[in-house]
Amino acid sequence: CLGYSDNAKYIAALIFGLQFWDFASDVSFAYNLPNKSESQIFYLSVIFIIVPWIINIVFLLAFRLKWKRNVEVGAWLREHNFKLVTMTMICGGAQPSIELANSRIFGIDLFSMGLSRFQMIQTSKFKVLLTTVLENIPQIFITTYYMVSISQANDFAIASLISSSLSVILVVVATVL
């Protein structure tokens, strides 16, 4: 049943979408590099996509064990665990998936996980390391190096650079506020 929630966090959907765009643009950049088999840029790009992706999934699975102790969250996880892990796999980041699952948008049960504010703050601390430091900052350097080394920019490199830069800026702004 769709409904209205006066305390919904609609921005969580936007943040999830940005994370998905960032992840997809990084994958597209790596996939569309010429001479993949010889390119160190390709291998570095793939490493800084796959390693953070795996760590985000492991992080989510580890925190999920802690959350199961809460009756409400445990019941939600029994119903939606696969969907939460799938959201993380699709967007490449655990934190945007957790925020979306706790956003209470449209009154949909999938977006009403029920983590406390304290639990949300605990998980948000890891986003800086898991996504920003391990994925976004390296991808900014990789795409910048690529564009400088070939003296031109293609659409995939530009999209990757913009999305990674926006993600870093949002984390900095969120940390300051």
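Both backbone and side-chain heavy atoms feed into the values below; hydrogens, waters and symmetry mates do not.
Ile47 and Tyr31 sit in two unconnected hydrophobic clusters of ILVMFWY residues. Membership requires side-chain heavy atoms under 4.5 Å apart, directly or through other members. Hydrophobic clustering of Ile, Leu, Val, Met, Phe, Trp and Tyr side chains at less than 4.5 Å, counting indirect connections, keeps Met89 apart from Phe20. Tyr145 is connected to Ile162 through a chain of hydrophobic side-chain contacts under 4.5 Å among Ile, Leu, Val, Met, Phe, Trp and Tyr, so both are in one cluster. Side-chain heavy atoms closer than 4.5 Å link hydrophobic residues (I, L, V, M, F, W, Y) into clusters, and following such links, possibly through other members, connects Val27 to Val51. No continuous path of hydrophobic side-chain contacts links Met120 to Ile11 [ILVMFWY only; heavy atoms under 4.5 Å].
Counting only distance, with no hydrogens or angles, the side chain of Ser45 and the backbone of Ile41 share no donor-acceptor pair below 3.5 Å. Listed for the Ser25 side chain is a donor-acceptor partner under 3.5 Å among the backbone atoms of Asp22. A donor-acceptor contact shorter than 3.5 Å links the side chain of Trp76 to the backbone of Asp109.
Contact record, Phe111 with Leu100: CD2-O, 3.3 Å, taken as the closest heavy-atom pair. Across Phe59 and Ala94, no two heavy atoms sit closer than the pair CD2-CB, 3.5 Å. Nearest heavy-atom pair, Gln19 versus Gly93, reported as atom, atom and distance to 0.1 Å: NE2-N, 3.9 Å. Between Ala159 and Trp21, the shortest heavy-atom distance links the atoms O-CZ2, 4.1 Å. For the pair His80 and Leu110, the tightest heavy-atom approach, listed with the atom from each and the gap, is ND1-CD1, 3.7 Å. Met113 and Leu77 get closest at one heavy-atom pair: CE-CD2, 4.0 Å.
For the side-chain hydrogen bond (donor to acceptor under 3.5 Å, both in side chains) test with Ser160, the passing option among Asn154, Asn136, Asp155, Asp26 is Asp26; the others fail. Residue Ser97 forms a side-chain hydrogen bond (donor to acceptor under 3.5 Å, both in side chains) with just one option from Thr88, Asn56, Thr86, and that option is Thr88.
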_Test log, rule side-chain contact (heavy atoms from CB on, under 4.5 Å), inputs Val73 and Lys68_ = CA-CA 6 Å; Val73 176; Lys68 278 187 173 184; over 6 Å; no
_Pair Thr143, Ser164 - check side-chain contact (heavy atoms from CB on, under 4.5 Å), show working._
CA-CA 10 Å; Thr143 54; Ser164 292; over 6 Å; no
*Given Met87 and Phe16, is the side-chain contact (heavy atoms from CB on, under 4.5 Å) satisfied, shown in steps?*
CA-CA 9 Å; Met87 287 190 306; Phe16 181 86; 3.9 Å; yes
*Met147 and Ile158: side-chain contact (heavy atoms from CB on, under 4.5 Å), yes or no, with the steps?*
CA-CA 9 Å; Met147 289 188 293; Ile158 292 169; 4.3 Å; yes
*Begin from the C-alpha positions of Thr123 and Gln95 and carry the test side chain to side chain donor-acceptor pair (under 3.5 Å) through to its verdict.*
CA-CA 7 Å; Thr123 62; Gln95 186 60 31; 3.0 Å; yes
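The line from CD1 of Ile142 to CG of Leu33 is 9.5 Å long, rounded to the nearest 0.5 Å. The distance from atom OG of Ser165 to atom CD of Gln139, rounded to the nearest 0.5 Å, is 11.0 Å. The distance from the CD1 atom of Ile137 to the OG1 atom of Thr132 is 6.5 Å, given to the nearest 0.5 Å. Between Glu135 atom CD and Ile140 atom CD1 the span is 10.0 Å, to the nearest 0.5 Å. Note that the CG atom of Asn102 and the CD atom of Gln119 stand 8.5 Å from one another [nearest 0.5 Å]. If you take CH2 on Trp67 and CD on Glu72, they are separated by 13.5 Å, rounding to the nearest 0.5 Å.
Between Pro138 and Leu44, every side-chain heavy-atom pair lies at or beyond the 4.5 Å cut-off.
Between Tyr146 and Phe29, a ring centre-to-centre spacing shorter than 6.0 Å is recorded. Aromatic rings of Tyr10 and Phe106 (six-membered ring for Trp) have centroids within the 6.0 Å cut-off, being under it.
By the neighbour-count criterion of 12 heavy atoms within 6.0 Å, atom CG of Asn32 is densely surrounded, having more than that number from other residues, nucleotides or ligands. Crowding of Leu61 atom CG: a count of heavy atoms from other residues, nucleotides or ligands under 6.0 Å exceeding 12. More than 12 heavy-atom neighbours from other residues, nucleotides or ligands sit within 6.0 angstrom of CZ on Phe63.
By the 30° and 60° cut-offs, the orientation of the rings of Phe23 relative to Trp53 is parallel.
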